[in-house]
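All remarks here apply to the structure that follows.
Worth knowing before you read on, the calculation uses all heavy atoms, side chains too, and leaves out hydrogens, waters and symmetry mates. Below, chains carry the letters A, B, ... as their sequence lines are ordered, and counting in each starts from 1.
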Number of protein chains: 2
Amino acid sequence: MAALGYRPNRIARSLILQHTRTLGMVIPDVANPFFGDLMRGVEEVARERGHSVLFGNSDNDGDQEDRYVEEFIERRVDGLLVVVAAHRPARSPARAGDAAEVPSGAIAPLDGGLVRGVDTRALGRLADLPAGLPVVALDRLPDDWSHDAVVGDNRAGVALGVGHLVELGHRRLGFIGGDPALATGRERRAGFEAALGDRGIRPVWVSDGAFSLDSGRAQAASLFASPPATWPTAIVAANDLLALGVLLAVRERGLSVPDDVSLVGFDDITYACLSNPPLTTVRQPAREMGSAGARLVFRRLDGEVGPPEVVVVRPDLVVRSSTARCEVPA
Amino acid sequence: MAALGYRPNRIARSLILQHTRTLGMVIPDVANPFFGDLMRGVEEVARERGHSVLFGNSDNDGDQEDRYVEEFIERRVDGLLVVVAAHRPARSPARAGDAAEVPSGAIAPLDGGLVRGVDTRALGRLADLPAGLPVVALDRLPDDWSHDAVVGDNRAGVALGVGHLVELGHRRLGFIGGDPALATGRERRAGFEAALGDRGIRPVWVSDGAFSLDSGRAQAASLFASPPATWPTAIVAANDLLALGVLLAVRERGLSVPDDVSLVGFDDITYACLSNPPLTTVRQPAREMGSAGARLVFRRLDGEVGPPEVVVVRPDLVVRSSTARCEVPA
DNA sequence: GTGAAAGCGCTAACAG
DNA sequence: CTGTTAGCGCTTTCAC
């Protein structure tokens with residue numbers, strides 16, 4: 001009788017069993033290779049455990065993220081993985097790349113908590129999450145997070161990058177930043193400033209923007225609009241997309257990486273090794289971060305109680321050809 | 001009363017309403033930027049229509065794909081979008097990149113239907129799909145597909161690429177192929193041979209592999225292991241990943257693109273413009289293909305009946321810097 | 001209008 | 001061990 005197309009109805013089953021064998025995942029953008037790798041990691045361990053994954057793109061818009069979180073809760077997912085977007089205190093609609101447009105010039109100030117009207121906490125959803133629903137933050141750790149999380153060590157990561165650069169003899173360093181509304185954006189910038197400070201060096205350029213190719217290109221263009229004498233001999237970018245954008249701008253300026261400027265990125269996305277020159281970068285194992293996150297969810301589902309666990313993955317430096325010894329005397 | 005955390009239970013709702021407002025999508029690999037873009041497209045229109053999307057990676061393994069399709073049906077998705085994997089007639093486990101290993105040398109034969117023991121039809125699931133479940137094939141059109149689909153015009157696409165190359169004076173052309181078990185792999189190769197045939201030119205090199213960077217690198221390496229006199233002056237690769245791999249191999253050989261060989265890719269993934277030199281390629285609008293696919297699903301859900309609709313999107317050539325005029329006399 | 005009842009397709013508990 | 005029944009949280013119908 002099953003011969004003619006009977007399929008058990010898993011939704012009826014879920015209703016009585018009180019679980020759906022489904023994980024919800026909300027990320028900024030699937031089309032971004034870093035998040036694609038993250039998803040890959042969670043899907044793999046979800047599949048092992050007989051779960052499927054629902055996903056949604058937030059475009060880094062906190063309201064959109066909230067909507068998806070709410071919807072996934074109503075759909076009774078067994079666990080939630082989220083790359084937390086920044087939240088705005090007022091309900092003003094967040095436009096993509098909002099904070100991106102104007103690089104903040106020479107060296108822009110950075111303060112914690114409230115950044116240019118953007119709330120860096122995870123806000124609302126935290127409050128009324130169903131009890132017992134495992135939630136884990138991926139990649140970005142909001143100021144007020146009280147659940148499990150897996151994040152990279154951003155400060156240590158950029159410290160690796162600047163260490164490499166000063167070993168190469170560079171003393172005039174610049175930083176092309178990401179979105180200061182995001183924890184990763186703030187931490188990487190703070191890590192840059194701290195790493196330089198530890199060595200008694202003052203940065204020559206620091207700007208913020210968005211984590212995108214276009215923002216990297218724009219920030220670098222505005223850097224190179226300043227007098228050549230003030231240019232850095234080496235640039236660290238807050239992620240690979242940004243670095244790739246810097247590469248474009250350098251090329252457009254008729255300059256060369258690494259002859260005129262050294263460049264280091266962050267993430268080691270798959271395409272970092274395909275640029276010209278191949279990008280020296282700080283590797284974050286996105287896929288492994290994703291599977292670690294899913295494993296945290298299942299640990300809770302398996303009954304583990306206890307304080308929030310935040311696993312921080314150690315980044316490492318992969319040096320390729322976008323960095324070279326500094327030729328100008330300090 | 002809702003004040004203390006009441007959430008409507010959408011799964012109970014689904015049980016009675018007989019729909020889940022969920023789309024299922026199975027793709028080879030989220031981490032592949034082409035498929036990431038596709039997903040982006042379907043998510044966007046799904047969201048507009050109040051649907052969420054469940055996804056699964058098949059790794060191009062037909063069995064894995066079947067398992068996800070089956071699971072999504074049991075979960076009572078309202079529609080299914082799939083980038084159909086190749087199927088093996090026997091239940092032999094398909095290993096990733098199985099067909100990839102050895103490039104088939106000078107010019108490997110290609111026949112339809114059964115390719116090296118791989119069934120190019122969509123097989124089983126077709127048979128016992130629930131009546132009324134909208135299913136659409138994305139990117140790849142199996143031989144026996146009888147549902148809606150959205151695909152690129154692969155033959156026209158590579159014809160664009162070879163047209164550009166012969167205009168540039170090239171007469172000695174080679175083809176670095178993808179997986180012949182996939183419709184895209186076969187069509188792009190056939191398109192290459194046809195486009196050359198139309199012009200009375202015989203290809204100088206044709207090989208198959210997998211749609212990956214490594215396969216491109218390996219195929220190109222074996223091409224360049226042949227006597228230099230037999231080398232092509234221009235290469236068309238079956239996709240951008242392959243082309244990027246060729247680029248690596250060319251570089252490793254101490255040769256230059258486009259001075260020694262011109263190179264054209266296929267897809268125009270986001271990173272195609274970041275290679276060195278930026279890749280000339282045949283653009284397929286992945287995101288738009290995804291949203292078109294989702295729109296087909298909703299059209300059926302809205303009650304449209306009628307024969308399967310296959311929308312084929314026209315590719316266009318984007319010329320960047322990996323192609324140049326042929327300097328050697330024909 | 002407001003309230004009770006049936007039932008979506010399962011699982012679990014309980015009888016025979 | 002097989003068969004019946006209650007109930008998961010909703011929507012819909014039907015009665016009041």
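- With sequence neighbours excluded, no residue satisfies side-chain hydrogen bond (donor to acceptor under 3.5 Å, both in side chains) with N239(A).
- With sequence neighbours left out, D78(A) forms a side-chain hydrogen bond (donor to acceptor under 3.5 Å, both in side chains) with T20(A).
- Listed by first then second residue, pairs satisfying salt bridge (Lys or Arg N to Asp or Glu O under 4.0 Å) with a partner in residues 290-302 of chain A read R49(A)-D302(A), D148(A)-R300(A), R299(A)-E309(A), not counting sequence neighbours.
- A search for side-chain hydrogen bond (donor to acceptor under 3.5 Å, both in side chains) contacts involving R287(B) returns E44(B), not counting sequence neighbours.
- Every residue meeting the side-chain hydrogen bond (donor to acceptor under 3.5 Å, both in side chains) condition with Q284(A), not counting sequence neighbours, appears here in chain and number order: D267(A).
- Residues passing the side chain to side chain contact (heavy atoms under 4.5 Å, CB included) test with R67(A) are D63(A), Q64(A), sequence neighbours excluded.
- A ring pair (Phe, Tyr, Trp, His ring centres under 6.0 Å) check over residues 18-53 of chain B, counting only residues at least two apart or in different chains, returns the pairs H51(B)-F298(B).
- In terms of the side chain to side chain contact (heavy atoms under 4.5 Å, CB included) criterion, residue partners of L54(B) (sequence neighbours excluded) are, by chain and number, T22(A), S52(A), L54(A), T22(B), F72(B), R75(B), V77(B).
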Atom pairs under 3.5 Å: protein N/O with N/O of nucleotides 7-11 of chain D:
from	atom 1	to	atom 2	distance (Å)
dG9(D)	N2	A12(B)	O	3.4
dC10(D)	OP1	Y6(B)	OH	3.0
dC10(D)	OP1	N9(B)	N	3.0
dC10(D)	O5'	N9(B)	N	3.3
dT11(D)	OP1	R13(B)	NE	2.4

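- With sequence neighbours left out, S58(A) forms a side chain to side chain contact (heavy atoms under 4.5 Å, CB included) with V26(A), P28(A), E65(A), A85(A).
- For DNA chain C, the span of nucleotides reached by chain A at under 4.0 Å from its heavy atoms goes, 5' to 3', from dG9(C) to dA12(C).
- Rounded to 10°, the angle separating the first-five-pair axis and the last-five-pair axis of the helix from dG1(C)-dC16(D) to dG16(C)-dC1(D) equals 60°.
- Counting only heavy atoms from C-beta outward, the side chains of I269(B) and N32(B) never approach each other to under 4.5 Å.
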